[in-house]
Amino acid sequence: MRIVVRCVMVPALALCAVLAPALAGGADWSEQQLATAGALRDRALSGTSAYDHVSSLVTEVGPRSAGSSGDAAAVRWALNKLASLGFSKVRTQDVLVPRWVRGNAEVTLAGSTPQPLVAVALGGSVGTSDEGVEAQVVEVASLDALNALPATTVGGKIVFINQRMERTRDGSGYGAAVRNRSEGPSAAGNLGAVALLIRSIGTSDQRYAHTGAINYRVDAPRIPALALSNPDADQLARWLKPGKPIRLRVKSTSRELPATWSANVIGEIPGAERANEIVLLGAHLDSWDLGQGAIDDGAGVAIVIEAARLIGRLERKPARTVRVVLFANEEFGLSGAREYARLVGDEAARHVIAAEADLGGGAVWRIQSKVAPDAVPAVDAIREALKPLALEGGSNEGRGGSDLGPLRALGVPILDLSQDATNYFDVHHTTNDTLAQIDAKTLNQVVAAYAVAAYMAASKTGDFGRLEASP
Ligand SMILES: [Zn+2]
């Protein structure tokens, strides 16, 4: 049960009204702190510098896949940006990252009237020989359907997983289809396929293909893996429909290079009273190489930097430190998140809560969490402070961004500010991930949600409990 006490101060007199629902056991926030949260919200809604931050990142750096020169430039950019915006303790954490280069990809209908299909290599894929591979195509509806096929059907062929990703506001369509990409290459390789093509894990019918990481299993042959754009996957499906054998030629020059160094970049808004307690706002600094990395995850970088910066400009800082962590290499193996968690040591217990912005520039529509059960009302109070945004409540099974996984495993509670992902997967991991996809006003709404959530978490009297640590 919660009590909200609203007081109107007049000289020598405080008029207080107890509002339902009531707040028992002492307020988590003072009336002044709640007023500050409201002012922070309104300030962000009226305009922020978030769009300028993402514009600066994509203009001055652009694509920044792990270990590339763009990645190194992004680390320098982030150090300069955080320092110039007045963050404290701006620093890096060295992170060893895998290095993969895309090269060129060609997928062509073989035969007397060759037709090219638009395709991209999937992240981490091996290339083909110089001549490429030419083989008959076997189409399957899903990864499960592939796994049900005998090796005699698949051996020597090019597998085509033709599953369309569903468009959803919560991004769940991605989770349902992404196994085709991550697990498909080894599933097909184990059955003797010579290459894997997947329908892009993306929702657009524009003619660009969506890349993203694959996971080769150690016990499976490594075969080239590529994604077709949705219209090209449609075309291939039409060719296959009459049931006649269709042969494709696939060429790819992608390859892996030795691992190299990147870095997490960290900056802080120091807490006024309990500075050794941390509210973590994360985003990832790397991007895929195809676009500018504007929505993934330049937007997130801008959101968390701006939310923390606005808190830093408050006259009365919150008790706890707000720490911004820009993680290295989320896309190709979560290297930065794992290294951060590995180095966090005793500090893990002082990470009060963590949130990550990694779903583009869409508006926040829901707040979920993964906190101790008795801290759920505090999450509701954050939603209440954001009332003009009309956010939905969610479950206490929120997962936050993927970079938070290693911290969650250490017991750090999670705040999950769900952004509208309806259109996000139209451009995710494509050449079309550009600044043109970001709306400055919507970004301000997201900043408002992050700023208020971080401020309230950093001001809260108590904490959010701990999660059960998992191995
Ligand atoms: Zn991302």
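Small disclaimer: the values here were computed from a predicted structure and weren't measured. Ligands are counted one by one from 1 in listed order, and the atoms in each one are counted from 1 as well.
Contact annotation: H428 places no N, O or S atom under 2.8 Å from the Zn ion (ligand 1).
A salt bridge is defined here as a Lys NZ or Arg NE, NH1 or NH2 lying under 4.0 Å from an Asp or Glu carboxylate O, and D463 with R350 fails to meet this definition.
The distance from atom CD1 of I266 to atom CG of L82, rounded to the nearest 0.5 Å, is 10.0 Å.
Restricting D296 to its N/O/S atoms, the shortest distance to the Zn ion (ligand 1) is reached by OD1. The atom of D358 nearest to the Zn ion (ligand 1) is OD1, with the search restricted to N, O or S atoms.
L389 has its side chain within reach of L45: a pair of non-hydrogen atoms, C-beta onward, lies under 4.5 Å apart.
Ring centroids of H210 and Y174 are separated by 6.0 Å or more, keeping the two rings apart.
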